[in-house]
Amino acid sequence: MDQFIEAIASLAARAGIDKDQARAAVAAPKERDRADLSLPCFRWAKALGKAPNQIAEDVAAAFEPDGLLASVEAVGPFVNVKLDRGAFTKFALDAIDENYGKSEEGVGATVVIDYGSPNIAKPLLFHHLRSAVIGQALCNVHRWAGYKVVGINFLGDLGTAFGKLMVGIEKWGEPTTVAEYNRIYVNASNFCKENEGAMDAARAWAKRLEEGDETALRHWTNARKLSLAEFDTVYEWLGIKHDVVDGEKQYLDAGHAVVVELLNEGTAKESDGGIVIELSKKLKAFLIRKNDGASLYQTRDLAAARDRMERYDFAKMLYVVDIAQEFYFNQLFAALAKMGHAWADRCKHVKFGQVLVDGSRAKTREGGGTTLESVLQEGVRRARAIIEEKNPEIEGKEAIAKSVGTAAVIYCDLGFPTTKNIDFKWDEILRFDGRTGPYLQYVHASACGILRKGGGVTKFDASLLAGEHEWNLVRRLAEFPDSVQRACRDCEPSHVSNFLYDLAREFRSYHTAGSRDASLRVIVDDDALKAARLGLVDGVRQTLKIGLTLLGIDPLERM
RNA sequence: GACCCCGUAGCUCAGCCGGAUAGAGCGGUUGAUUCCUAAUCAACAGGUCGCAGGUUCGAGUCCUGCCGGGGUCGCCA
């Protein structure tokens, strides 16, 4: 693509336009019939002292056939360019291999991504999916862009809740599943509410845990180990793999040390018995020690951020967390800046929308909410039913059902901008047709099917791909690398999923055109043409496969 | 009260650095199965891009104000 834009910029330069500006201004028009690429000439009118229409004329007049551009025409103030389709197609398809879309953009830089981050001793609920799936996709696209990525699962393994939990464990015994932990916590929580003595005991347990009491530590270790094992089965199901598992508890001492340090240097001060960092009128004060002397989540987060900087020297650190915590992260980053860390501006809160039930925030405390596992199981159940209906003879049904059901769920999170809320309705979340994960899998499987039937890819002559449908597909294929870069730049995986959907739809349209007009089929009698079309199908297959993998969706070859 | 997100077709949403005639899916209507698998495709119907100003040659896109929905605002995480 670059060399074609460069060719247009050169023409513009000969008409007196700054080449860099011209390069940046070249764009594909929305109406794709109009031109392949176009250059609007308004902005140089003043500098050149000429009407935009005249500038466009001048640019068009500079054109000489060069093997890259087929025609250059002034249409009003726009220069409309048609590319040499043969040349472009050859470049575009040659670029596609198993590394298509990779770039060197991030080489030498490390990006730390904090995602998943559930609380232990509680089951993973549907809304936990968002951080995990979005975070994993961001890890994948950043790796594809050349970054070194450190994906961290930062467990909520500390806090006042654990005091209550231990009251429950002492009363009702040691649980053996996360569900039991949760039930005991809920019961203990109610018990403490009605019973001031129990509340005191909970506080005492929390303190004992912080101080390293042996019994408290044993309970804590059990809960953590068991939780992690259960989380891992769900993570594995979803293709989520963290590089590092950290927890808040490990930053307890470092957190206290930070508070002391900030007090000594005067960055923090006493307020109502606690310790705060005064930020600004907008961001207010940031509490880092409670009036009972205990640290808070934010204290540990400050210590963790600092530790990660020391460990990884990151160029970017992303926190993939619910939008409800936006204010908190603004405070956290401002606090880091106030502590003198110039790297505070490398931290970014990747915020995602909430899971709503009937338009309002889902109540997840007190044991409510739908577990992630039950959503995945329901997805698989529905996928299984569809397979029985559509393709009952296929081998490996169970694995395919699992993969398709999961794809439907994952697409809910990655098919739309992260900040959108999700309204929890089973029929919305588990859709299998239209703009969905299973549709993308279907199109990929269909491309694989054509290649199987057609005998695979051989050397081919790209210039034979001269049809209108083919041209649309080729142009679309060439946009993939850009979608990956934009996903990285904006921390927005839906740039990739949108691209994949457009490509998939274009491809289905291309393929089904053959049902109406036999000359448009992929598998035709003319061997050279067939080879070229199979080459194109393989480009689509390859691109879909890479894109789906970046999103964490399994690219099935049959379904 | 302050701040943040959202407002585009009946519903759910795309729309990239501002560019020419606003696009999908679902739902509705009508067709299509002698290349892969109809989990599909083609076509039709459906729009005051919340409202009002502003910047600009040009605004769904940027700025200001307002309206509506959701969210957040030191002793939870």
Side-chain angles (χ1 to χ4, degrees), chain A residues 24-25 27-31 34-35 38 40 42-43 45-46 51-52 75-78 80 117 119 156 158-161 248 271-277 281-292 294 296-298 300-301 322-328 330-331 351 353-354 356 359-361 365 383 386-387 389-391 394 404 415-417 419-421 423 428 431-436 438-439 441-443 445-454 479 482-483 486 489-490 494-495 498 501-502 505 508-509 511-516 518 520-524 530 533 537 558-559:
Chain A
K30 277 182 199 156
E31 297 81 31
R34 202 188 285 279
S38 133
F42 301 99
R43 53 185 300 195
K46 215 166 268 176
V75 178
F78 293 89
N80 285 349
S117 307
N119 294 324
L158 197 63
T160 46
E248 280 186 63
S271 164
D272 294 336
I275 308 292
V276 299
I277 304 175
K281 196 172 173 196
K282 268 189 189 178
L283 292 175
K284 309 197 173 170
F286 194 54
L287 184 71
I288 54 173
R289 184 199 277 171
K290 298 201 272 184
N291 54 21
D292 67 358
L296 293 113
Y297 176 75
Q298 42 264 51
R300 275 98 67 178
D301 244 352
D322 189 329
I323 194 170
Q325 294 193 42
E326 185 171 31
F327 183 76
Y328 167 73
N330 286 337
Q331 285 189 314
K351 42 193 180 262
Q354 305 181 314
L356 307 178
S360 257
R361 189 173 181 185
R365 303 227 165 154
I386 293 171
I387 293 166
E389 178 198 331
K390 309 268 185 196
N391 203 353
I394 196 165
V404 172
F416 310 96
T419 52
K420 289 278 176 200
N421 293 337
D423 210 345
E428 298 285 322
R431 281 175 41 219
F432 294 87
D433 46 37
R435 188 188 191 114
T436 61
Y439 173 73
Q441 289 178 306
Y442 170 79
V443 176
S446 133
C448 291
I450 295 166
L451 287 160
R452 277 196 300 272
K453 170 125 185 178
E479 292 168 7
D482 187 48
S483 78
R486 280 167 42 222
R489 185 193 67 201
D490 301 341
S494 70
H495 288 325
N498 281 337
Y501 179 69
D502 288 341
R505 209 159 40 88
R508 286 301 298 163
S509 173
H511 180 251
T512 53
S515 310
R516 289 183 301 281
L520 297 178
R521 290 181 184 181
V522 173
I523 298 165
V524 288
K530 179 172 109 176
R533 286 180 175 170
V537 172
R558 298 171 200 261
M559 64 187 273

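Chain identifiers are assigned alphabetically (A, B, ...) following the order of the sequence lines, protein sequences preceding nucleic acid strands; residue numbering begins at 1 within each chain. Computed from a prediction, not measured in an experiment: that's the story for all the values here.
Nucleic acid contact for A:Gly159: sugar-phosphate only, since backbone atoms but no base atoms lie under 4.0 Å from a heavy atom of the residue. Residue A:Phe286 is classed as having no contact, given no heavy-atom separation below 4.0 Å to the nucleic acid. If you check every strand for non-hydrogen atoms under 4.0 Å, A:Arg558 touches a base. Using a 4.0 Å heavy-atom criterion, one finds that A:Arg300 contacts the sugar-phosphate atoms exclusively. Using a 4.0 Å heavy-atom distance criterion, A:Lys30 is classed as a base contact. In this structure, A:Ser446 reaches the bases: a heavy-atom distance under 4.0 Å links it to at least one base atom across the strands shown. Within the 4.0 angstrom heavy-atom criterion, base atoms lie near A:Ala24.
For the pair A:Val75 and A:Leu158, both in contact range of RNA chain B, the more 5′-proximal nearest nucleotide belongs to A:Val75. When each of A:Ser494 and A:Arg34 is assigned the nucleotide of RNA chain B bearing its nearest heavy atom, the one mapping closer to the 5' terminus is A:Ser494.
By the 5.5 angstrom centroid cut-off and the 30-degree plane limit, A:Phe42 is classified as stacked against the base of B:rC57. With centroids closer than 5.5 Å and planes inclined by less than 30 degrees as the test, A:Phe78 and the base of B:rA20 pass as a stacked pair.
Distance check on atom C1': B:rC5 versus B:rC44 gives 37 Å, rounded to whole Å. Rounded to the nearest Å, the gap between the C1' atom of B:rG23 and that of B:rU8 is 10 Å. One P atom belongs to B:rC26, the other to B:rA43, and the distance between them is 14 Å to the nearest Å. Taking atom C1' in both B:rA45 and B:rG28, the straight-line distance is 8 Å, to the nearest Å. Taking atom P on both nucleotides, B:rG27 is separated from B:rU40 by 10 Å, rounded to a whole Å. Rounded to the nearest Å, the gap between the P atom of B:rU12 and that of B:rG69 is 15 Å. Distance noted for atom C1' between B:rC11 and B:rG47: 15 Å (whole Å).
With distances taken from any side-chain atom of A:Asp272 to the nucleotides B:rC41, B:rC75, B:rU40, the minimum falls on B:rC75. Residue A:Glu248 has its side chain nearest to B:rA77 when only B:rC73, B:rA77, B:rU40 are considered.
Contact of A:Ser38 with B:rA20 (side chain to base): a donor-acceptor pair of N or O atoms is detected under 3.5 Å.
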